[in-house]
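Position 1 is the first residue of the sequence; numbering continues from there.
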Amino acid sequence: MSNLKPDSVIACLDCPDHVQAVLDASMWASIRLQAPIGLLHSVPSLQQKAAVDYSGCLNIDDENALLDQFTAKEHLSNSELKAQGKLLLHQATTYCEQQPHKFKTYTLHRHENLSDSIDYVDDKAQLIVIGHHVTCKSTLSQLIRLSHCPILVTHAPFLPPTTALFAFDNSPTSHKLLNWLCKTALVRALTVHIVMVAKENSENCDALREAYARLKQAGIKCKKTLLDCRDVTAALNYYQSKNDIGLLMTGAFGQPRLLELLKGSETKKLLGSTKTPYLLFPKA
C-alpha cells in the first residue's frame with residue numbers, strides 16, 4: 001500500500017449494501033476537505049473464503065456479469081478474491097469519474113482484514129468512511145474503538161446533510177471534537193446544533209455557552225440547547241428527529257469501560273438507533 005496519500009478521505013468498500021453510499025459520502029467529504037479519495041478494499045488472504053455478493057452494488061453495468069459469476073460460487077480461491085477486489089475497485093473508480101466534479105481517486109487493495117487496513121491508514125487520513133453494516137469479523141464498534149481518525153458511518157442511501165447535531169458532554173473527547181470542528185472545513189457550510197444532555201446547573205450551562213461561543217468565533221452558524229434528561233440516546237434521537245438534522249456528531253466511546261458495562265455504551269446505542277450519517281471522533 002505504498003501509494004497511500006496523506007490527508008485523504010478513505011472510502012472502505014467492504015460493505016456490499018453500502019458501497020454506493022460510502023462513495024457518495026466520501027465524495028461529499030472530499031469536496032469540502034479538498035482531499036483525494038483512497039478507495040480501500042480489504043480481503044484477508046485465505047484459501048476457500050466464502051464469496052461476498054458485490055453484484056449490483058453500483059449502477060454500472062459493464063462488469064456486473066463478472067461480479068455475478070464470483071457471487072455464484074460458494075467459495076473463491078485467492079486469485080479469484082484478488083480479481084473480485086480489483087474489479088470492485090475499478091467500478092468504484094469509474095463511478096467517481098462519472099460524477100460532474102473532478103475527483104482525485106486512487107486504489108488501496110489490502111490483503112488483510114479491515115481492522116488492520118484501518119490501522120495502516122489511520123494516522124495519515126483526514127476521514128474514514130464506513131458503511132453501517134461491515135462484512136468482516138470485527139464489529140463496527142470494535143473498528144471505531146481502534147481508530148485514531150474521525151470515522152463517518154453512513155446508511156444507504158447517503159443524503160448530503162445541511163445541518164448537524166454536535167452532542168457535547170464537556171468530556172475531554174468532546175473538547176477534542178470541538179477543537180476539530182473549529183478547524184475543519186467539513187462542517188463549515190452546515191448549521192451546527194450543539195446539544196448537551198445533562199442537568200441544568202451553572203457548570204453545565206457555562207460549559208455549553210463556552211463551546212457555543214468557540215463555534216461562533218470559528219465562523220460556524222450554530223444553535224445551542226441543553227436537555228435535562230436521563231436517557232442521552234433517547235434525548236439526542238428525539239432532538240435530531242424533531243429538528244430534521246442530517247448528521248450526528250459525537251465523541252466515540254468516551255465513557256469508562258466499567259460504566260459502559262453497567263449502563264451500556266451511549267455510542268453503541270446511537271450506532272444502533274440513528275438513521276443518518278454519524279461522525280464519531282476518537283477517544284481523547
Side-chain angles (χ1 to χ4, degrees), residues 127 132 139-142 144-145 147 150-155 159-184 186-284:
L127 183 72
H132 190 264
T139 65
L140 183 56
S141 60
Q142 287 173 327
I144 293 166
R145 284 183 193 278
S147 179
I151 288 183
L152 180 62
V153 180
T154 182
H155 290 267
L159 301 176
T162 57
T163 53
L165 190 162
F166 168 29
F168 176 78
D169 61 4
N170 204 26
S171 67
T173 304
S174 66
H175 279 281
K176 192 177 175 185
L177 173 54
L178 174 63
N179 292 337
W180 183 76
L181 291 174
C182 289
K183 297 175 182 177
T184 183
L186 188 68
V187 299
R188 188 65 56 187
L190 307 184
T191 298
V192 175
H193 294 241
I194 179 169
V195 179
M196 189 174 193
V197 182
K199 288 190 175 295
E200 191 170 351
N201 55 38
S202 58
E203 180 183 354
N204 289 332
C205 289
D206 288 346
L208 178 62
R209 190 180 303 111
E210 290 174 11
Y212 170 78
R214 286 204 56 201
L215 289 174
K216 293 285 286 185
Q217 289 169 3
I220 297 171
K221 185 179 179 182
C222 55
K223 302 177 181 181
K224 61 180 172 65
T225 303
L226 192 148
L227 301 175
D228 193 339
C229 180
R230 290 186 178 181
D231 192 329
V232 175
T233 300
L236 292 176
N237 283 336
Y238 174 77
Y239 186 92
Q240 185 177 11
S241 177
K242 180 182 177 183
N243 293 277
D244 194 25
I245 297 174
L247 173 65
L248 176 64
M249 305 183 296
T250 75
F253 299 101
Q255 297 169 293
R257 294 302 291 269
L258 179 59
L259 187 60
E260 284 187 14
L261 290 172
L262 294 173
K263 295 178 61 179
S265 165
E266 297 296 348
T267 304
K268 200 166 186 178
K269 292 177 187 175
L270 286 166
L271 275 169
S273 61
T274 187
K275 302 302 179 186
T276 67
Y278 183 7
L279 189 143
L280 294 114
F281 202 83
K283 183 179 178 180

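Expressed to the nearest 0.5 Å, how far NZ of K183 lies from CG of L178 amounts to 10.5 Å. N243 CG to Y238 OH: the interatomic distance, rounded to the nearest 0.5 Å, is 9.0 Å. Taking CZ from F281 and CZ from F166, the interatomic distance works out to 9.5 Å, rounded to the nearest 0.5 Å. Taking OG1 of T163 as the start and NZ of K221 as the end, the distance is 10.5 Å to the nearest 0.5 Å. To the nearest 0.5 angstrom, N204 atom CG is 11.0 Å from R209 atom CZ. For the atom pair CG (L181) and CZ (R214), the distance works out to 9.5 Å, reported to the nearest 0.5 Å.
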* Between K223 and I194, does a side-chain contact (heavy atoms from CB on, under 4.5 Å) hold up when you go through it step by step? -> CA-CA 6 Å; K223 302 177 181 181; I194 179 169; over 6 Å; no

* For D169 and M196, run side-chain contact (heavy atoms from CB on, under 4.5 Å): C-alpha distance rounded to whole Å, both residues' side-chain angles, the deciding distance at 0.1 Å, then the answer. => CA-CA 6 Å; D169 61 4; M196 189 174 193; 5.6 Å; no

* To do: Go through the steps to decide whether L165 and T250 satisfy the test side-chain contact (heavy atoms from CB on, under 4.5 Å), and finish with yes or no.
  => CA-CA 8 Å; L165 190 162; T250 75; over 6 Å; no

* To do: Dump the intermediate steps for side-chain contact (heavy atoms from CB on, under 4.5 Å) on L248 and L279, then the final yes or no.
  => CA-CA 6 Å; L248 176 64; L279 189 143; over 6 Å; no

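Taking both residues in full, the closest heavy atoms of I220 and C182 are given as CD1-CA, 4.4 Å, listed atom of the first, atom of the second, then distance. Between G251 and T173 the shortest heavy-atom distance is CA-CG2, 3.6 Å. Across all their heavy atoms, C205 and E200 have their closest contact at SG-CG, 4.1 Å. When all heavy atoms of T233 and S273 are compared, the pair lying nearest together is CG2-OG, 3.7 Å. Looking at every heavy atom in both residues, P277 comes nearest to G246 through CD-O, 3.2 Å. The two residues A198 and L226 make their nearest non-hydrogen contact at O-CD2, 3.3 Å.
Below 30°, between 30° and 60°, or above 60°: for F168 and H175 the angle between ring planes is above 60°, a perpendicular geometry.
With Y278 as the fixed residue, the side chain to side chain contact (heavy atoms under 4.5 Å, CB included) test singles out one of T267, L247, I151, L152: T267. Residue K224 is tested with L215, L208, V192 for a side chain to side chain contact (heavy atoms under 4.5 Å, CB included); the sole match is L208.
In this structure, the ring of Y239 has its center less than 6.0 angstrom from the ring center of H193.
Residues D228 and V197 fail the side-chain proximity criterion, which asks for heavy atoms closer than 4.5 Å.
A donor-acceptor pair under 3.5 Å is formed between the side chain of S174 and the backbone N or O of S171.
Sparse packing is recorded around CG of D244, with 12 or fewer heavy atoms of other residues, nucleotides or ligands lying under 6.0 Å away.
Looking only at atom types and distance, the side chain of T274 has a donor-acceptor partner in the side chain of T276 under 3.5 Å away.
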